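Working notes for the structure below.
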Amino acid sequence: MMNPEARRERLGRVIGGVTRQAVQDSGSAGVVLLDAAAPESGLGYEWCAAALGRERVLAAPAPGAWLSVGTASKTTLLLASPAPAALFPLGDIYGSALAGLCPPWNPPAPIRDLADAAGGPEALDAALRRWADERRPLPEALAILPAPAAALVRDALFANRFARRHCGLVPKLSSRTPGIDLWE
């Protein structure tokens, strides 16, 4: 098992490379973090700034050609529709996994409610991981959750299918990534 600092460094390199390429391919001057108030946006800012330089990362919309960057986690991209962005650098990292990389994960209220119903972020992400990464049938994947939570998560997954397919660029860090090869 990779130590947390080495994992953070490896993830930063992968995400930085994808961010640099996205900025180059889009002809943008840099990126704009859309949710600078979110706790995890500090990590997104750090990795984007390491890849592009601090002067090319803004925390608010600016005139000109800037690439929009959202800080939604994989959990959020699977279950909800975050503010539209061209790039989600944290989009293939489950919310519960962000705890070891940045301050505690603070998801949008609907995701926080799902996590509470599931028994916490780790339980919610364990069920999502079984479905998304391990490709288990949805009923089997959700069977580890209390029945009411499983129904809520199932409904959220179905309701969010369109947004999951059209979520913007997400650096591929796992076997199935929102927007790339996670279509259900």
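Only heavy atoms go into these numbers, but all of them, side chains included; no hydrogens, no water, no symmetry mates. Please read these numbers as outputs of a predicted model, since none were measured by experiment. Numbers here simply count residues along the sequence, with the first being 1.
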Ala123 and Ala118: which non-hydrogen atoms are nearest, and at how many Å? CB-O, 3.3 Å
For residues 140-154, pull every pair meeting salt bridge (Lys or Arg N to Asp or Glu O under 4.0 Å), keeping only residues two or more places apart or in separate chains. Arg136-Glu140
Can you tell me how far apart CZ (Arg130) and CG (Leu145) are? Round to the nearest 0.5 Å. 8.5 Å
Leu90 versus Trp47: any side-chain heavy-atom pair under 4.5 Å? yes
Does anything in residues 36-57 form a salt bridge (Lys or Arg N to Asp or Glu O under 4.0 Å)? List the pairs, not counting sequence neighbours. Arg8-Glu46
Smallest heavy-atom separation, Ala127 atom then Leu142 atom, equals CB-CD2, 4.0 Å
Can you tell if the side chain of Leu79 reaches within under 4.5 Å of the side chain of Val153, non-hydrogen atoms only? yes
Pairwise distance CG(Asn160) to OG1(Thr76) - rounded to 0.5 angstrom: 10.0 Å
May I ask you to test the Val23-Leu87 pair for a side-chain heavy-atom distance under 4.5 Å? no
Can you give me every donor-acceptor pair (side chain of residues 91-102, partner residue at least two apart or in another chain, under 3.5 Å) with its distance?
residue: Asp92; atom: OD1; partner: Lys74; partner atom: NZ; Å: 3.0
residue: Asp92; atom: OD1; partner: Ser174; partner atom: OG; Å: 2.9
residue: Asp92; atom: OD2; partner: Leu173; partner atom: N; Å: 2.7
residue: Asp92; atom: OD2; partner: Ser174; partner atom: N; Å: 2.8
residue: Asp92; atom: OD2; partner: Ser174; partner atom: OG; Å: 3.0
residue: Asp92; atom: OD2; partner: Thr177; partner atom: OG1; Å: 2.7
residue: Tyr94; atom: OH; partner: Asp133; partner atom: OD2; Å: 3.0
residue: Ser96; atom: OG; partner: Asp125; partner atom: OD2; Å: 2.6

For the hydrophobic clusters of this structure (ILVMFWY residues joined by side-chain heavy atoms under 4.5 Å, transitively), does one cluster hold both Phe158 and Trp131? yes
Given the options Asp25, Val18, Thr19, Gln21 meets side-chain contact (heavy atoms from CB on, under 4.5 Å) only with Asp25
Kindly indicate whether the side chain of Trp105, heavy atoms from C-beta on, has any atom under 4.5 Å from the side chain of Ile111. yes
Would you name the heavy atoms of Ala132 and Leu78 that are closest together and state the gap between them? CB-CD1, 4.4 Å
Are Leu33 and Leu58 packed together at the side-chain level, in the sense that at least one heavy-atom pair is separated by less than 4.5 angstrom? no
Which residue pairs pass the salt bridge (Lys or Arg N to Asp or Glu O under 4.0 Å) test when at least one of the two sits in residues 94-106, sequence neighbours left out? none
According to the salt bridge (Lys or Arg N to Asp or Glu O under 4.0 Å) rule, which pairs have a member within residues 96-122, sequence neighbours left out? none
Between Ser68 and Ala86 the two heavy atoms that sit nearest each other are OG-N, 2.9 Å
Taking all atoms of both residues into account, what is the closest heavy-atom pair of Ser26 and Leu67, and its distance? OG-CD1, 3.8 Å
4.5 Å side-chain heavy-atom contact, Asp181 and Lys172: yes
May I ask you to test the Asn3-Arg7 pair for a side-chain heavy-atom distance under 4.5 Å? no
State whether the side chain of Arg164 and the backbone N or O of Leu157 hold a donor-acceptor pair below 3.5 Å, judged by distance alone. yes
SG/Cys48 to CG/Leu43 distance, rounded to the nearest 0.5 angstrom? 9.5 Å
Please report the shortest heavy-atom distance between Leu152 and Ala117, naming the atom on each side. CD1-CB, 4.2 Å
Hey, what else clusters with Phe88 if you join Ile, Leu, Val, Met, Phe, Trp, Tyr whenever side-chain heavy atoms sit under 4.5 Å? Leu77, Val170
